[in-house]
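Below is one structure, written out as structure tokens; the observations come after it.
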Amino acid sequence: MKPVLSLSNVTRSFGPIEVLHGIDIQLHSGEVHALIGENGAGKSTTMKVMSGFLAPSSGTVCIDGDPVRLTSPAQAEEAGIVMIHQEFNLAAHLTVTENVFLGREMRRGPFLDHAGMRKYTQALLTRLHCNASPDARIADISVPDRQMVEIAKALSRHARVLIMDEPTAVLTARETEVLFQQVDRLKAEGVAVLYTSHKLGEVRRLADRVTVLRDGSMVLSDCAEGMTEDQMATAMVGRDLSDLYPPKRKGGGDVVLSARDIRVPRFVEDASFDLRQGEILGFAGLVGSGRTELMEAVAGLRPRDGSVTVNGATLPADRMRPAIQAGLVYLTEDRKESGLLLNKSLRENLTLLALERFSHGLIDRKAEDAALDQAIADWDIRIPHRDVLAGNLSGGNQQKLLLAKTMLTQPRIVIVDEPTRGIDIGTKQQIYRFIHRLADEGLSVIVISSELPEVIGLCDRVIVMQRGRIAGQVAGADVNERAIVRLAMGLEGEAA
Amino acid sequence: MTATAEPRQAPRRRINLHAIGPLAALGVLLLIGIALNDNFLSYSNLTNVLARSAFIGIIAVGMTFVITAGGLDLSVGSMAAFVAGVMIMVMNALLPMMGQGVGVILVGILIGLVTGLFGGAINGLLVTRARIEAFIVTLGTMGIYRSLITWMADGGTLSLNYELSGVYRPVYYGTVLGVSWPIIVFALVAIAGEITMRHTRFGRHCAAIGSNEQVARYSAVNVMRVRMATYVLLGLLVGVATIMYVPRLGSASAATGLLWELEAIAAVIIGGTMLKGGFGRVWGTVVGVLILGLIGNILNLTDLVSPYLNGAIQGIIIILAVVLQRGGIRSN
Amino acid sequence: MTATAEPRQAPRRRINLHAIGPLAALGVLLLIGIALNDNFLSYSNLTNVLARSAFIGIIAVGMTFVITAGGLDLSVGSMAAFVAGVMIMVMNALLPMMGQGVGVILVGILIGLVTGLFGGAINGLLVTRARIEAFIVTLGTMGIYRSLITWMADGGTLSLNYELSGVYRPVYYGTVLGVSWPIIVFALVAIAGEITMRHTRFGRHCAAIGSNEQVARYSAVNVMRVRMATYVLLGLLVGVATIMYVPRLGSASAATGLLWELEAIAAVIIGGTMLKGGFGRVWGTVVGVLILGLIGNILNLTDLVSPYLNGAIQGIIIILAVVLQRGGIRSN
Amino acid sequence: GISIPAATHGWAGGLNYHAQATVERLEEAYPDLDFVLTTASDPSKQVSDIEDMVATRNIDALVVLPFESEPLTAPVARVAESGTYVTVVDRGLSQDGIEDLYVAGDNEGFGRVAGEYFAETLDEGSKIVVLRGIASTIDNERVEAFTAAIEGAGIEVLGMEHGNWNRDTSFTVMQDFLSRFPEIDAVWAADDDMATGALQAIEQAGRSDEMWVVGGAGMKEIVARIRDNDPMLPVNVTYPPAMIATAIELTAMRFTSPAPVAGRFIIGSELITPENAADYYFEDSPF
Ligand SMILES: Nc1ncnc2c1ncn2[C@@H]1O[C@H](COP(=O)(O)OP(=O)(O)OP(=O)(O)O)[C@@H](O)[C@H]1O
Ligand SMILES: Nc1ncnc2c1ncn2[C@@H]1O[C@H](COP(=O)(O)OP(=O)(O)OP(=O)(O)O)[C@@H](O)[C@H]1O
Ligand SMILES: [Mg+2]
Ligand SMILES: [Mg+2]
């Protein structure tokens, strides 16, 4: 059978730096093909070449076996190739419906068919079990909802080839399952799917075929059948990755952070919790359970009621600077909207939060550069060159830069919201080790994560939130998936 | 429960205020007008205000599209003067050949539309092809048109032949069922604009481009063409406005259309369109135009303040109108 | 193959051109000036151009910060007129009490600075606290200040007492080592501005806010305070500019500072700062100011074109300067 | 109703001053007269103002100083047709016979008187520069009359630029003239605001004893300096903004006294010399 879409010997360079070296990939209809690799390996670039967003520097793209020159996404879409980007591709001021149909609006005569488009969008959202209103503006809906809108947008285009770049990075298990049902359905309809994820369990579950990229080259392309997660990981990283999570530790000194009766209107009700020195405290819950809002309130990024004390000193509400001075930092889950200045250099991004430390009257450019060198080394940030804009980094490397930026303030209490979103498995291991090291050094860490295994593997104690309230907590040996899920679903209502 | 159901209420309320804000400001102005002068509500006064707001209004409708798509046009005022100048020169030149009649006027109107279209196209080309900031392009063309009209009028005033003026006059002063032409044209342009903005692809694409150009491009929107079209449309509407303007004064000079660009942009923004693009509202613009028109009218209705301070009152009202729209001063 | 090498080269070249663009435009203008008139390079001509560019220049430096942080200020021209008026009135009023001497002048200068500061603070408060679009706020205050100065001057001209003028004159006309004061102050402001923009937290924060306000907020930048500070700084610099302006003619009227805002904004953008914010370059602004100053100078030094067309030439050169900067017209 | 241009330059400022002062004075003298004063920044606004006065203020008489002739002709004609008494000041309308009363300064005379002075005073081969006003018909008439008056006197006009009736602009233009021409004997600035700017530039260049400046319109500071025999300011030509006062008074007379008021009053442009300067000096006027 002829592949629907294939690359043969494709290379791609940005300036003098070649990031893809001779890629060969064939997508067949009715087959799910997974593309995996470390951060910066070239997955997104490969996908962009396949869907007409980037031109290959050399090599050929074939549709149904015929070489084509894809010069624009529009042309690719014409040919039935649709891509969901790693970074959102939605216009913030437009509504969900408007985004879903952007560029190919339904019309009745010369005018838009509002009712028709709305109905269709609602149907898609229902199919995806997404609660966002078709009339809500993108700016007003949550990150996971946006991802679902992206998926709805792609589904609405009736693709022959669907390319998805880390669609599940911001989704929880439940939504991921919804997505997979849709993928199964498309597969049955004969759509070819190319898909990437750093969650290798998903790859196991979904893929018929796996291609592994390392540093822009293909190292493996094989049937998924019989391939274990460990084998995939080893192929990606080039080393063995047993012991993803460091051994469990026993945390708990004095209480360093104490939050009492925190209320964030519309999001959080009466949340109280304590954090001890040297502890790794997990926050679990379904998407929309208010974890982000609670922590933003604690960190002074949102107006709140209730009190937050750090080492006995009360922090003012709605101001972030005092929290930072007290040694508390928050790492945002939304790196694109709240985390990084995408059109600025790495240096400016890295030091923005901790700029005080680099300026004694004037900013010490040398110290900044040294800090950047250090960050690149510490966090293994893969960059083409030092002057690259933050927005041109691969998704995972952006996340690493964000982590480096946050840690630069030399905090005592670290709140990380989805810290490993979009990060490859090798680096994840490093980050887990890093968090452990911090705790061992006497720092306290709060980890919000929608990946249950991560929470379970990493944390000493886990607080579970449900609908804006703290539903309960589990600690030590009781930390297991069943207990957490029961709390998160509201099946068990014990007090914290 | 509460926590789940509530989330969207607050933004709703704000959106509502945002929506009715300009209308509220307009209402307040109307009340002030009524309180200050008995003749304010008279038919002739209201028609006067509407008719002369029509020029800025027609242009502001076009400006709404340009701004929604993330652009800006500072040249509309001088472009109007230039178009008026060209029209007058052509009509005067044709007079000996074609005789004094409707024919000349029709040719003049056509020339006006074409000139406006070209003016818009030049702005559009410079912005989309040469990729220069719209601010600079249109600041440049603003100076160029203003100079050209001064030069064409030899520093003075270009006047339409007096007899021709007589033939042309009804286009401004004439009425249909008691409603004068500029009002009718303004209403038509506004309605067409509102429909285009909300119910056509073009309007949707303007908002998309203004909101996020890259997203629009990725969604197969032809960004260049749409952006170009907004400038061409605006140029065309400048032509339409000028067609109504020439019969009003029968002349064009270096002072024609002075500061129209600021008024048009102010009307657009008072109406709730965002200066950075991404969201536009034609009916809001119409309300904005009416607010600006009424301020001037009301200041003429009374002697409360020294005429020197008219500008100050105007400034204060413009700011207040927008404050009202934002739903008052809120902390954070 | 070919396609491989290009993509990155193009951005590289563009960045470089972007950097030297304004300088190249300035160089070309200088060459034109030299070619057209022998006196162009004369010491007195160059000092004249520099000294009179100083007002706009000082203001444009402040405007660079406002625009970089994603704001805009249309009120600077009328604010300058207003500040000048207040200074003159205060100095004239103090004359009988304090006698004619340096004391009065110093008080006047202080008043000028304070008034500018307050003017900027009002704009800043309205933008940050009342959350009104900067365009509307400053359009409003522009009208207000312009009205106030007209009213203060009773429609005419406010003149500084003749004797006081004599005492004050050296602040514009005096020189240090052959360099006149306005030039020195402009240079100092420009250098301080460049350092502030590139080497201080404030400058970084301005760019961060203009680039993405939310990211800035999440990076513990006090967005309101920084934005407020940009307007206050601009107001203060308007005060500084006015302090140098008053001794030049010793008077203020409704015509003072007319269109300075457009010139200042144009200079900022010609210099390579982005109107949408996020990236600012003070030295570019200085080059932009000089380009604008030289265009006028060169037009005055030659008779090549009808003076009516000066504005057109100016417009064309402004556009060309930016084209040069963008590295020429490219298709897509 | 009174409609005049806004105070955007010194002369218009004087105009505004005199209009307001007259209105105040007359309102006191004749309590049963009501006045409406509007100022316009462009012709279109002025037409709007007039429409408003007719529609909402029921005016019986209109005193208008047209921003420009042609644009105002038709609207003012409509007002006149409706039976309102119309007084036109300064700028005539482009059609004759619309107005009941015409009070005007003499733009042609303004240029001619100055030109004649130049022709008389300067030797053949003298070099002068000219600062023009805002490009407009008024400016054109003045400059044409001036050019005609110096014709044949052998005076060389080195350069003409627009100073826009603005001190700052004329300062700039004069600076550049001074850089450009090593030899200038006299300057004609078609307005005293511009003369003020030019004087500063000349002073700065240290060429005060080289040339003299003739302005126009009789600004009080300039008149004072002429009175005090300033060698740089030998004479001036009047173009009194007070003409608006005359017009308003004459119009008011129509309603307060039985005598019929109509016709044309041309207030000639006169030469102010050190001898008669005291007569043209008004302490309180802002101009
Ligand atoms: N526009 C660009 N300019 C310069 N370099 C780029 C650009 N886009 C991508 N790169 C570089 O190309 C390399 C591959 O990036 P790509 O986004 O394909 O990685 P990825 O495999 O998707 O990684 P991740 O898992 O982190 O998303 C990276 O080194 C990246 O910095
Ligand atoms: N900007 C917004 N405007 C309106 N509602 C929002 C906005 N952001 C989020 N929400 C809603 O608020 C609720 C909580 O948001 P969010 O999904 O961030 O919670 P969370 O528990 O922190 O999830 P996560 O697992 O992603 O951290 C959801 O119902 C979401 O739809
Ligand atoms: Mg990627
Ligand atoms: Mg969240």
Side-chain angles (χ1 to χ4, degrees), chain B residues 70 72 74-75 78 126 128-137 139-155 224 254 262 265-266 269-270 274-277 305-323 325-326 328-332, chain C residues 70 72 74-75 78 126 129-137 139-155 224 254 262 265-266 269-270 274-277 305-323 325-332:
Chain B
L72 192 70
L74 296 174
S75 72
S78 16
L126 284 169
T128 56
R129 295 284 153 188
R131 291 153 173 270
I132 313 172
E133 293 241 26
F135 185 93
I136 288 290
V137 167
L139 185 70
T141 50
M142 165 168 117
I144 295 172
Y145 292 128
R146 185 66 63 204
S147 270
L148 285 178
I149 176 70
T150 316
W151 177 71
M152 279 156 50
D154 229 345
M224 278 224 203
L262 276 190
I265 297 172
I269 295 174
I270 291 175
M274 294 198 307
L275 186 60
K276 306 227 164 195
V305 287
S306 149
Y308 295 146
L309 290 178
N310 278 358
I313 306 287
Q314 218 155 355
I316 291 171
I317 295 183
I318 289 176
I319 294 180
L320 284 183
V322 179
V323 169
Q325 171 176 329
R326 295 285 183 279
I329 296 177
R330 269 186 314 268
S331 60
N332 209 356
Chain C
L72 192 71
L74 296 174
S75 72
S78 15
L126 284 169
R129 296 284 154 186
R131 290 152 175 271
I132 313 173
E133 294 242 22
F135 186 92
I136 289 289
V137 166
L139 185 71
T141 50
M142 164 168 117
I144 294 173
Y145 291 129
R146 185 65 65 203
S147 270
L148 284 178
I149 177 69
T150 317
W151 177 70
M152 280 157 49
D154 232 346
M224 279 223 202
L262 275 190
I265 297 173
I269 296 176
I270 291 174
M274 293 197 308
L275 187 60
K276 307 226 165 202
V305 286
S306 150
Y308 296 144
L309 289 179
N310 277 358
I313 305 288
Q314 220 153 0
I316 291 170
I317 295 183
I318 289 175
I319 294 179
L320 283 183
V322 178
V323 170
Q325 172 177 330
R326 296 284 183 279
I329 296 176
R330 268 187 314 271
S331 61
N332 210 355

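On a predicted model such as this, the values are computed, not experimentally measured, just so you know. The analysis underlying the following values was restricted to heavy atoms, covering all of them including side chains, and did not include hydrogens, waters or symmetry mates. Convention: sequence-line order gives letters A, B, ...; per-chain numbering from 1.
- When the candidates C:I317, C:I265, C:I318 are compared by the number of heavy-atom contacts under 4.5 Å with chain B, C:I265 comes out ahead.
- Counting heavy atoms from C-beta outward, B:L148 and C:L309 have side chains that approach closer than 4.5 Å.
- A donor-acceptor pair is defined here as one N or O able to donate and one able to accept, closer than 3.5 Å; such a pair exists between the side chain of B:E133 and the backbone of C:L275.
- Ranked by heavy-atom pairs under 4.5 Å with chain C, the list B:G70, B:A134, B:S147, B:G315 is led by B:S147.
- In terms of heavy-atom proximity, B:V137 sits nearest to C:I319 at O-CD1, 3.6 Å.
- A distance of 8.5 Å separates CG in C:L139 from CD1 in B:I269, rounded to the nearest 0.5 Å.
- Between chain B and the options C:M142, C:K276, C:Q314, heavy-atom pairs under 4.5 Å are most frequent for C:K276.
- Nearest approach of B:A266 to C:I136, heavy atoms of both residues: O-CD1, 4.1 Å.
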